Amino acid sequence: EPEVTQTPSHQVTQMGQEVILRCVPISNHLYFYWYRQILGQKVEFLVSFYNNEISEKSEIFDDQFSVERPDGSNFTLKIRSTKLEDSAMYFCASSWGTGNQPQHFGDGTRLSIL
Amino acid sequence: RKEVEQDPGPFNVPEGATVAFNCTYSNSASQSFFWYRQDCRKEPKLLMSVYSSGNEDGRFTAQLNRASQYISLLIRDSKLSDSATYLCVVMDNNDMRFGAGTRLTVKP
């Protein structure tokens with residue numbers, strides 16, 4: 001069964017540094033998403049991406065964050081000037097369509113900011 | 001603020017029990033509904049979509065009441081492997097909103 005893959009599985013970074021989280025969505029999916037989950041809290045939507053542009057973003061997704069699809073397979077989340085509170089699990093997801101099309105999640109990148 | 005509310009539990013039930021989870025959502029314009037399960041420190045995995053007429057998948061039954069903005073999940077004949085956190089998910093356009101989850105532990 002095709003799956004969403006994410007790298008790295010765990011990223012440890014000093015506060016103030018930039019990180020790039022990588023995702024390879026399912027190949028025939030057209031919509032891509034990033035979510036985060038702070039330990040013990042609920043999954044929070046960050047951003048959705050379609051046709052090479054952001055289609056929606058949450059209030060969490062401020063100027064510190066950016067997304068890119070640099071080639072036909074990768075989908076990246078960049079976090080600039082990381083803060084301690086950015087420590088969380090970051091999940092990438094993809095779907096074939098919107099509406100009643102479910103999203104399929106990667107197994108996440110654990111980001112630890114020191 | 002649009003919210004998805006769930007009873008956090010935990011629900012501790014014996015094997016073979018029937019257990020039901022409830023979820024309410026605040027945005028009456030929400031379009032699509034799902035139940036996901038999440039094991040500890042793992043990614044959410046789709047359990048089932050929720051359709052207006054209600055739907056069943058083996059031991060799992062999902063119901064939607066749009067008038068009351070209420071979603072339910074029923075698990076029959078629960079198994080040890082059903083132990084997980086069950087996430088109610090509501091889709092508004094392209095924005096997927098998760099409840100905080102209901103934790104289920106099935107004991108032998």
Side-chain angles (χ1 to χ4, degrees), chain A residues 1-6 9-10 21 23 25-26 29-51 53-61 67 88-112, chain B residues 1-10 21 23-27 29-55 57 60 62 64 66 71 73 84-103:
Chain A
E1 183 178 324
E3 57 182 24
V4 176
T5 57
Q6 290 186 241
S9 56
H10 190 191
L21 309 183
C23 170
I26 294 173
H29 283 185
L30 302 176
Y31 295 81
F32 315 116
Y33 312 85
W34 282 102
Y35 294 83
R36 79 172 185 193
Q37 186 174 31
I38 296 170
L39 186 64
Q41 298 186 25
K42 65 180 179 181
V43 177
E44 298 174 290
F45 169 77
L46 292 178
V47 65
S48 60
F49 192 86
Y50 170 70
N51 200 26
E53 61 183 27
I54 290 173
S55 48
E56 284 202 51
K57 60 182 181 179
S58 71
E59 58 274 13
I60 302 169
F61 194 89
V67 289
M89 280 291 285
Y90 287 82
F91 293 110
C92 174
S94 69
S95 65
W96 183 83
T98 58
N100 64 357
Q101 296 297 317
Q103 298 174 19
H104 298 269
F105 284 73
D107 56 8
T109 292
R110 181 175 304 282
L111 177 62
S112 300
Chain B
R1 180 174 175 84
K2 310 294 191 297
E3 293 291 347
V4 179
E5 302 287 343
Q6 291 183 253
D7 181 345
F21 305 136
C23 170
T24 58
Y25 59 96
S26 59
N27 183 7
S30 296
Q31 301 157 348
S32 305
F33 311 89
F34 308 93
W35 283 101
Y36 279 72
R37 68 171 277 169
Q38 187 175 29
D39 294 288
C40 188
R41 295 178 181 262
K42 299 286 189 180
E43 76 275 21
K45 290 188 177 177
L46 177 68
L47 182 64
M48 58 195 303
S49 301
V50 186
Y51 303 122
S52 297
S53 54
N55 50 300
D57 183 0
F60 300 85
L64 168 64
R66 284 189 185 270
I71 305 159
L73 175 69
T85 297
Y86 289 82
L87 308 175
C88 176
V89 181
V90 175
M91 182 92 81
D92 302 333
N93 296 314
N94 229 5
D95 182 352
M96 206 164 185
R97 291 195 177 265
F98 284 75
T102 299
R103 188 168 173 186

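Residue numbers start from 1 in every chain, and the chains themselves are labelled A, B, ... in the order their sequence lines are given, proteins ahead of strands. These numbers were taken from a predicted model, which means no experiment stands behind them.
- Every residue was checked against the ring pair (Phe, Tyr, Trp, His ring centres under 6.0 Å) condition with B:Phe60, not counting sequence neighbours, and none meets it.
- Interface remark: B:Tyr36 contributes side-chain atoms only to the contact with chain A (heavy atom separation under 4.5 Å).
- Heavy-atom distances place no part of A:Gln41 under 4.5 Å from chain B, backbone and side chain included.
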(request) Show the numbers, then the answer: is there a side chain to side chain donor-acceptor pair (under 3.5 Å) between A:Gln6 and B:Glu43? (result) CA-CA 11 Å; A:Gln6 290 186 241; B:Glu43 76 275 21; over 6 Å; no
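- Both the backbone and the side chain of A:Phe105 come within less than 4.5 Å of a heavy atom of chain B.
- For the atom pair NZ of A:Lys42 and CD of B:Gln38, the computed distance is 13.5 Å after rounding to the nearest 0.5 Å.
- Taking chain B as the reference chain and counting heavy-atom pairs below 4.5 Å, the highest number among A:Lys57, A:Arg110, A:His104 is found for A:Arg110.
- Between chain A and the options B:Pro44, B:Gly99, B:Gly101, the largest number of non-hydrogen pairs under 4.5 Å is found for B:Pro44.
- Under a cut-off of 6.0 angstrom, the local environment of CZ in B:Arg66 is crowded, with over 12 non-hydrogen atoms contributed by other residues, nucleotides or ligands.
- A 6.0 Å sphere centred on CZ of B:Arg37 holds more than 12 heavy atoms belonging to other residues, nucleotides or ligands.
- Side-chain atoms of A:Gln103 and B:Leu46, non-hydrogen and from C-beta on, never get closer than 4.5 Å to each other.
- Annotation for A:Tyr35 and B:Met96: closest pair OH-CB, 2.9 Å, computed over non-hydrogen atoms.
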